[in-house]
2 protein chains.
Amino acid sequence: MREKTERIVREWGDACDAEISIAVLGGAWKPSILSLLGEHEVLRFGELSRLLDEPTARVLTRQLRELEDDGLITREVYRQVPPKVEYRLSDLGLGSMPLIDALTAWGGQYAATQRSALDAAAPPASHKTPA
Amino acid sequence: MREKTERIVREWGDACDAEISIAVLGGAWKPSILSLLGEHEVLRFGELSRLLDEPTARVLTRQLRELEDDGLITREVYRQVPPKVEYRLSDLGLGSMPLIDALTAWGGQYAATQRSALDAAAPPASHKTPA
DNA sequence: CGGGATCCGTTTCGATACTG
DNA sequence: CAGTATCGAAACGGATCCCG
């Protein structure tokens, strides 16, 4: 597993298990990567890149490596020209789907309530709002 | 709400709602703060500091402000000497409890499996392990 | 007691250019 | 196609000192 994750798993008390989840799932694009692999079963590097908002290869590669090091996804390399690499969820990754879904659901609700608050403060030219 | 959160809520597509949750809940100590407020109902600054592992006041203050700005907790100041400040969960914060619990549960499970893996690699002087 | 101000090291993200 | 190497900018957590 990642050095960072190992440190956390070793040193932290049980009081903050939630922060372990965030340490593992909380990188840029990571929840989206896991969701996409949950939907599509298997995706190649380029497919993932296109389905996300085309992050730089450097960034996407690192997130994928971290997820692999933490045991959530598997990486299969086909030694051929042109190269081909397939990513899938591992069992651990599959087990994270309910949590990912919960994060998605709460985040969506939260965003909805907050957008209402924002719109109330600065109405977006909708019905009944004074011009 | 926090500028960062507002940016995310405004700009991000619905594809990555999970990352909204992580943006809101993912700071240092934040899940622990929310858990503690869930258990204790109301806590003062110093009580929180002691229940956590005594983070620096600077850090704790900022996490609390961010949670307040994002609408998850409330802050009540008693203008007296010595000062007294009480923190509680808001309705939004209460609504995050199931998610916090889910994060805690998954993180705990994950840590357990990973610790097993670590122990298998480097056994900690337990039964049957060669000296 | 509950912070604010200042400073600093690390981590992290992202852009650009290059490669087997 | 699926990366790697190098660089820069910013965010973040933390230590230290000071204050009403």
Side-chain angles (χ1 to χ4, degrees), chain A residues 2-8 11-12 16 19 22-33 36-37 42-70 73-88, chain B residues 2-8 11-12 16 19 22-33 36-37 42-70 73-88:
Chain A
R2 277 193 297 160
E3 203 190 314
K4 176 184 172 184
T5 309
E6 180 171 339
R7 214 183 326 125
I8 292 172
E11 298 175 8
W12 287 12
C16 35
E19 312 208 12
I22 290 180
V24 173
L25 304 176
W29 311 104
K30 279 184 189 175
S32 299
I33 292 170
L36 288 171
L37 288 178
V42 49
L43 285 171
R44 298 179 57 177
F45 184 89
E47 292 175 324
L48 268 169
S49 184
R50 258 168 274 120
L51 290 170
L52 304 168
D53 197 28
E54 310 243 352
T56 63
R58 161 102 159 59
V59 171
L60 180 54
T61 299
R62 202 146 63 78
Q63 306 309 317
L64 289 169
R65 287 302 145 79
E66 291 182 0
L67 288 172
E68 187 193 0
D69 289 346
D70 283 340
I73 66 175
T74 63
R75 175 170 179 266
E76 189 168 5
V77 182
Y78 294 80
R79 283 209 120 319
Q80 61 182 43
V81 187
K84 174 173 148 184
V85 179
E86 289 182 346
Y87 293 92
R88 297 162 207 267
Chain B
R2 278 192 297 160
E3 203 191 312
K4 176 184 172 184
T5 308
E6 179 170 340
R7 215 183 324 124
I8 291 172
E11 300 176 6
W12 288 12
C16 34
E19 313 209 11
I22 291 180
V24 174
L25 305 175
W29 311 105
K30 280 184 188 174
S32 299
I33 292 169
L36 288 171
L37 288 178
V42 51
L43 286 170
R44 298 179 55 178
F45 184 90
E47 293 175 323
L48 266 170
S49 184
R50 259 167 275 120
L51 289 170
L52 304 169
D53 197 28
E54 310 242 353
T56 62
R58 160 89 158 65
V59 171
L60 180 54
T61 300
R62 204 150 59 80
Q63 305 309 316
L64 289 169
R65 288 301 146 78
E66 291 182 0
L67 288 172
E68 188 193 1
D69 290 345
D70 283 339
I73 66 175
T74 63
R75 175 171 180 267
E76 190 168 4
V77 182
Y78 294 80
R79 282 209 121 316
Q80 62 184 42
V81 187
K84 174 172 148 185
V85 179
E86 289 181 346
Y87 294 92
R88 297 162 208 267

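Per chain, numbering begins at 1; letters A, B, ... match sequence-line order. Computed from a predicted structure; not experimentally measured.
For C/dG4, one of the phosphate oxygens OP1 or OP2 lies less than 4.0 angstrom from a side-chain nitrogen or oxygen of B/Arg65. Side-chain N/O atoms of B/Trp29 include none lying less than 4.0 angstrom from OP1 or OP2 on D/dC12. For the OP1/OP2 pair of D/dC12 and a distance below 4.0 Å, the side-chain nitrogens and oxygens of B/Lys4 include at least one atom meeting the criterion. The shortest distance between the side-chain N/O atoms of A/Arg58 and the OP1/OP2 oxygens of D/dA5 is not below 4.0 Å. Regarding contacts with the backbone of D/dG13, a side-chain N or O of B/Gln63 is found under 4.0 angstrom from either OP1 or OP2. One finds a side-chain N or O of A/Arg75 lying less than 4.0 angstrom from the OP1 or OP2 phosphate oxygen of D/dG3.
Comparing D/dG14, D/dT4, C/dG3 by their closest approach to the side chain of A/Thr61 singles out D/dT4. Picking from C/dG20, C/dG3, C/dC13 the nucleotide with the shortest atom distance to the side chain of A/Pro83 gives C/dG20. With distances taken from any side-chain atom of B/Arg44 to the nucleotides D/dG14, D/dC1, C/dG2, the minimum falls on C/dG2. Distances from the side chain of B/Ala57 to the nucleotides C/dC1, D/dG3, C/dG3 place C/dG3 closest. When each of C/dG3, C/dC13, D/dC12 is scored by its nearest atom to the side-chain atoms of B/Arg62, the top-ranked nucleotide is D/dC12.
Between the CG atom of B/Asp53 and the P atom of D/dA15 there is a distance of 11 Å, given to the nearest Å. Following rounding to the nearest Å, A/Ile33 (CD1) and C/dC13 (P) show an atom-to-atom distance of 11 Å. Atom P of nucleotide C/dG3 and atom CD of B/Glu76 are separated by 13 Å, given to the nearest angstrom. In this structure, A/Glu3 atom CD and C/dT10 atom C1' are separated by 13 Å, rounded to whole Å. In this entry the distance linking CZ of B/Arg2 with P of D/dC12 reads 7 Å, nearest Å. When rounded to the nearest whole Å, the span between CG of A/Leu60 and C1' of D/dA2 equals 10 Å. At whole-Å resolution of the value, CD1 in A/Ile22 and P in C/dT12 are 14 Å apart. Following rounding to the nearest Å, B/Arg50 (CZ) and C/dC1 (P) show an atom-to-atom distance of 8 Å.
Both A/Arg7 and A/Pro55 sit near DNA chain C, but only A/Arg7 has its closest nucleotide nearer the 5' end. Take the nearest nucleotide of DNA chain D for A/Leu64 and for B/Glu54: the residue whose nucleotide is more 5' is A/Leu64.
Within 4.0 Å of A/Val85, counting heavy atoms only, lie sugar-phosphate atoms of the nucleic acid but no base atom. Here B/Tyr87 lies in heavy-atom contact (under 4.0 Å) with sugar-phosphate atoms only.
Scanning all heavy atoms of the two residues, the minimum distance from B/Val24 to B/Lys30 falls at O-CD, 3.6 Å. Across every non-hydrogen atom of A/Arg44 and A/Glu47, the tightest pair is N-OE1, 2.7 Å.
Of the options A/Leu60, A/Leu51, A/Leu43, a side chain to side chain contact (heavy atoms under 4.5 Å, CB included) to A/Ile33 is made by A/Leu60 and by none of the others. With A/Ser32 as the partner, the side chain to side chain contact (heavy atoms under 4.5 Å, CB included) test is satisfied by one option alone out of A/Leu52, A/Asp53, A/Leu48: A/Leu52.
Salt-bridge annotation for B/Asp69 and B/Arg2: absent, with no side-chain N of the basic residue lying under 4.0 Å from a carboxylate O of the acidic one.
Residues A/Glu66 and A/Lys4 form no side-chain contact, since every pair of their non-hydrogen atoms from C-beta on lies 4.5 Å or further apart.
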